[in-house]
Amino acid sequence: MRDWPDSAELLTFYDHNARKMPWRVGPKERAKGVLPDPYRVWMSEIMLQQTTVAAVKDYFERFTARWPTVSDLAAAEDADVMAEWAGLGYYARARNLLKCARYVVTEHDGVFPDTVEALLTLPGVGPYTAGAVASIAFDQPATVVDGNVERVMARVFDIHTPLPAAKPELTEKAAAMTPRERPGDYAQAVMDLGATICTPRNPACGLCPWRSDCKAQAAGTAAELPKKIPKKPKPIRHGVVYIAKRVDGAYLLETRPDSGLLGGMLGWPGSGWTEGHAPKHDAPIKAEWKTLNSEAKHTFTHFHLRLTVKTALVPMDRKPSVGAFVLEDDYDSGNLPTAMRKAFDLYRGT
DNA sequence: GACACGTGGAC
DNA sequence: TGTCCAAGTGT
């Protein structure tokens, strides 16, 4: 066994097995040295943060069709971008996406910076994304460390230190492995490897191009790496939402505050969400409220939510204390974050 | 370092 | 059903 796997072997494997994705250039162009559009690389990398390729594809197509350049995106309305992001999760990404686009236009003449250092100054761009954009869009030998790379490095070098304490050591290994040639393809190759072969459960070691150089494979420990600190259990929080339909078909919605959970997104007015029972609150408009028989259930990263749904039909002349009515023709439950959409689906009986 | 921050698919 | 997990960042 070699001390270090060969990055060239992985690149050859990648040339034959690269997954097709809308933000990647095809094999023929790549062979000619054509680099992908930095705007598209950046967009895809933001969307891919903690999110699967399958979930991202359609969102990426819609965003780039609607806003083909960073200048187009910078000129977009906040509400349109948030509505387009609805359902993808981690909504701070969407707020930072727009902030970043406007920053690139005003401070960089609409041209994405090409160094890790400069990329790190952009909103929503951290160490991973800066490295990914620098290597994939600008052919720079940046170190790219995501969850896949952490897992692959932990296995190749049989590192048993649990995450996140192991991160510096794994990053060091990843940096030492990164080749000067085709760093962007190499980064994507390791991530493809982690997503398709060196998977968290049941890794397909028999298909791995690095099998003969992998220390965990030799030790029989691949499937149990990387070690992780156990997670805390999720508490259950309760809340109430109010779905008011006006007689003309309009719905009462509010734009949530920019900070915090579902920040900047549309939602049904309601109570806060707390353990035990929903906190005291007022209805957003005077009406004959009826409570649905079942609750809307949803699970966030760190708690389970059970929403009591109250509904009412209200006359034209009533004024809400919070939010605003959205006309029937402008209403689309697809513009709501999933927890809010579930409450609506329960109300409609779907 | 620890925690907040979404969602849907896999097992 | 419940838990784990995915191309992380900001505070």
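As a basis for the values below, the full set of heavy atoms in this structure was taken, side chains included, without hydrogen atoms, waters or symmetry mates. No experiment lies behind these values; they were computed from the predicted model shown. Throughout, protein chains are lettered first and strands after them, A, B, ... in sequence-line order, and every chain is numbered starting at 1.
The pair R182(A)-D185(A) meets the salt-bridge criterion, with a side-chain N (NZ, NE, NH1 or NH2) lying under 4.0 Å from an Asp/Glu carboxylate O. Taking a cutoff of 4.0 Å between a charged side-chain nitrogen and a carboxylate oxygen, K99(A) and D258(A) do not qualify as a salt bridge.
Side-chain N/O atoms of Q50(A) include one lying less than 4.0 angstrom from OP1 or OP2 on dG8(C). Not one side-chain nitrogen or oxygen of H302(A) sits closer than 4.0 Å to the OP1 or OP2 atom of dC3(B).
For R341(A) and F344(A), the positive end is not near the middle of the six-membered ring at less than 6.0 Å and at most 45° from its axis.
Checked by distance alone, Y90(A) brings a side-chain donor or acceptor within 3.5 Å of a matching partner on the base of dG6(B). Counting atom types as modelled, T52(A) pairs no side-chain N or O with a base atom of dG9(B) as donor and acceptor under 3.5 Å.
W210(A) places a side-chain N or O within donor-acceptor distance of the main-chain N or O of D6(A), the cut-off being under 3.5 Å.
Within the nucleic acid shown, L262(A) comes within 4.0 Å of sugar-phosphate atoms alone, with no base atom in reach, counting heavy atoms only.
Stem regions for DNA chain C, each three or more consecutive Watson-Crick or G-U pairs with both distances under 3.5 Å and listed by first number, read B:2-5 with C:8-11, B:7-11 with C:2-6.
On the P atoms, dT9(C) is 22 Å away from dG8(B), given to the nearest whole Å.
Each of V145(A), V133(A), V144(A) was checked for a side chain to side chain contact (heavy atoms under 4.5 Å, CB included) with Y128(A), and the lone residue meeting it is V144(A).
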